[in-house]
Amino acid sequence: MPDYLDTIKPVVRALKPYSLAVNDAPIKLNQNENPFGLPPRIKEESIRRFMDMDWGRYPDFVPTALMDKLSAHAAWTPEGIIVGNGSNEILNAVFAVTVAKGEKVLLSEPTFAIYRQTATVFDAEVVSVPLTADFEHDTPALRRAIEQYQPVVTVICSPNNPTGNVITERDLKSLLEVARGLVVLDEAYWEFAGHTFVSLMNEHPNLIVTRTFSKALALAALRVGYLMSAPALATEIRKAVLPYNINRFSQIVAETALEHYDAELAPLVARILTERCRVFDLLSGIEGIAPHPTHANFTLTRTTRLSPRRLYDELFARDILVRDVSGNPMLKSYIRIGVGTPEETDALVEALKSIHHF
Ligand code: PMP
């Protein structure tokens with residue numbers, strides 16, 4: 001019998017699947033979602049529109065209505081926007097149209113694990129520049145790596161998952177100036193940092209910005225993300241995106257969410273930012289726990305009394321799910337905690353204080 005698994009590329013066979021161990025607990029602080037959920041007004045309006053839509057028909061070939069709303073929301077031309085089934089899907093499309101076997105993809109790590117995973121599946125050679133000891137992007141080292149390795153794609157996550165640090169405009173420009181390949185800026189958490197580098201795409205046509213509806217926009221269940229780039233680049237990347245990649249239901253909810261962004265969602269972002277300060281102060285006051293300053297809706301937190309694994313287990317036993325990121329050699333004593341509701345923060349703090357007495 002031939003071993004059909006031999007048909008799988010060795011780089012893929014060698015990969016560990018991206019997975020999440022447990023995905024449910026009453027207090028879920030492990031996936032950086034919006035803890036307040038989608039406002040009822042957006043849900044109700046979306047359901048009304050579902051009733052009016054023709055369920056038996058394909059959606060529009062190009063989701064024009066959503067792209068126009070995104071264009072207004074993000075201040076970028078609709079010709080340069082690609083909507084995806086989550087932003088991960090679009091990143092896949094970027095790698096699909098750029099990476100040929102053995103070409104380099106540059107990452108600033110630790111960062112979102114999916115970049116390495118998908119680049120590897122596309123047969124890229126991943127070159128990694130470590131964050132500095134303070135978990136900042138190491139711009140001089142990234143610049144040198146760009147010059148030395150000529151990566152076809154460089155991915156910068158800002159705010160970075162799981163460290164919460166941002167890249168400055170000056171630093172990003174200095175990378176764009178030397179890069180002959182593309183620079184993908186993942187702005188999945190940009191609402192929590194309060195700034196965006198979308199306008200830099202005007203001067204730097206090698207910049208691509210990706211974003212998601214899964215975090216601030218409270219739509220993780222519906223899988224919507226988008227990419228912005230120069231229109232000519234978007235035309236090429238679209239060739240790797242399957243037709244009808246986002247279903248009409250998700251399009252409708254995403255459109256409705258954007259229509260009500262200012263009235264319904266921006267206030268939730270403001271509440272998350274208030275809560276971020278509060279959780280940071282409270283965690284700082286607990287012995288053995290040290291939160292790292294963050295520009296996102298989560299905080300990388302050092303645990304000195306218990307191992308991250310043990311802390312994860314103790315919190316899980318108290319109905320709280322956090323992310324153990326200690327598998328990364330630079331994050332051996334860290335967990336990542338999402339910003340929850342005030343009640344969830346209270347429960348977290350109470351749980352941590354009770355574990356401390358163990
Ligand atoms: N980018 C980053 C940096 C993320 O942390 C995540 C989710 N954890 C995503 C993208 C995924 O976004 P989506 O749900 O749109 O695929």
Side-chain angles (χ1 to χ4, degrees), residues 17-21 23 28-35 37-38 63 66 70 73-74 81-96 105 107-119 121 131 135 137 153-167 172 183-193 196-197 208-228 237 241-242 245-247 250-251 253-254 257-258 265 272 294-300 321-325 327-328 331 334-339:
Y18 179 80
S19 67
L20 258 179
N23 201 18
K28 229 179 137 290
L29 306 176
N30 66 330
Q31 285 189 286
N32 310 333
E33 297 137 326
N34 185 326
L38 193 67
L66 178 53
L70 275 173
H73 180 73
I81 296 178
I82 307 176
V83 188
N85 199 291
S87 58
N88 290 336
E89 189 200 34
I90 321 271
L91 187 67
N92 244 17
V94 172
F95 288 142
V105 165
L107 303 179
S108 175
E109 289 182 316
T111 191
F112 186 37
I114 284 289
Y115 308 149
R116 179 177 276 273
Q117 176 92 12
T118 48
V121 168
L131 299 177
F135 301 129
H137 291 292
V153 179
T154 298
V155 186
I156 300 290
C157 187
S158 179
N160 187 45
N161 173 11
T163 50
N165 61 298
V166 288
I167 192 163
L172 180 59
V183 176
V184 175
L185 179 69
D186 186 345
E187 287 193 346
Y189 301 97
W190 77 279
E191 292 94 339
F192 307 109
T196 172
F197 294 127
I208 291 177
V209 177
T210 59
R211 289 184 179 170
T212 180
F213 279 67
S214 303
K215 311 298 174 185
L217 293 159
L219 274 186
L222 296 193
R223 313 300 303 123
V224 185
Y226 60 108
L227 167 152
M228 292 173 280
I237 298 168
V241 179
L242 293 177
N245 59 330
I246 6 162
N247 68 74
S250 296
Q251 290 179 32
V253 190
L258 291 177
L265 287 160
I272 291 168
T294 178
H295 296 270
N297 65 336
F298 52 82
T299 167
L300 184 71
L321 201 50
V322 295
R323 190 67 165 255
D324 177 5
V325 293
N328 187 299
L331 305 177
Y334 287 89
I335 58 168
R336 191 192 68 199
I337 306 177
V339 176

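Whatever order the structure lists them in is the order used to number ligands and atoms, beginning at 1.
- At a heavy-atom cutoff of 4.0 Å, ligand 1 is contacted by no atom of F213, backbone or side chain.
- Nearest protein heavy-atom neighbour of atom 9 (C) of ligand 1: F112 CE2, 3.5 Å.
- Below 4.0 Å from some heavy atom of Y189 lie the following atoms of ligand 1, by number and element: 3 (C), 4 (C), 5 (O), 8 (N).
- The atoms of ligand 1 that sit less than 4.0 Å from any heavy atom of C157 are 3 (C).
- Using a 4.0 Å cut-off between heavy atoms, Q31 makes no contact with ligand 1 at all.
- Counted by atom type alone, T196 and E187 present one or more donor-acceptor pairs between their side chains at under 3.5 Å.
- Considering backbone and side-chain N/O atoms, D186 comes within less than 3.5 Å of an N/O atom of ligand 1.
- Near S214, the atoms of ligand 1 lying under 4.0 angstrom from a non-hydrogen atom of the residue are 13 (P), 14 (O), 15 (O).
- For the pair F197 and I167, the tightest heavy-atom approach, listed with the atom from each and the gap, is CE1-O, 3.4 Å.
- Residue N88 holds the heavy atom nearest to atom 11 (C) of ligand 1 of all those in N161, N88, T212.
- The shortest heavy-atom contact between I246 and Q251 is O-NE2, 2.9 Å.
- Here the heavy atom of the protein found nearest to atom 7 (C) of ligand 1 is K215 NZ, 2.9 Å.
- Contacts between Y226 and ligand 1 below 4.0 angstrom, taking non-hydrogen atoms only, are absent altogether.
- Taking only nitrogen or oxygen atoms, main chain and side chain alike, S87 reaches within less than 3.5 Å of ligand 1.
- E89 and G84 make their closest contact through OE1-CA, 3.3 Å (heavy atoms, listed as atom of the first residue, atom of the second, distance).
- When only non-hydrogen protein atoms are considered, atom 16 (O) of ligand 1 lies nearest to R223 NH2, 2.9 Å.
- Defined by atom type and a distance below 3.5 Å, a donor-acceptor pair is missing between the side-chain atoms of N30 and R336.
- Every atom of ligand 1 is numbered from 1 in the order shown, and the set under 4.0 Å from a heavy atom of Y115 is 3 (C).
- Checking only distances, N32 never comes within under 3.5 Å of ligand 1, N or O to N or O.
- Closest of all the heavy-atom pairs between L131 and P110 is CD1-O, 3.5 Å.
- Looking only at side-chain heavy atoms (C-beta outward), T294 and P159 stay at 4.5 Å or farther from each other.
- For F135 and Y334, the gap between ring centers is short of 6.0 Å.
- You'll find the ring centres of F298 and Y189 inside the 6.0 Å limit.
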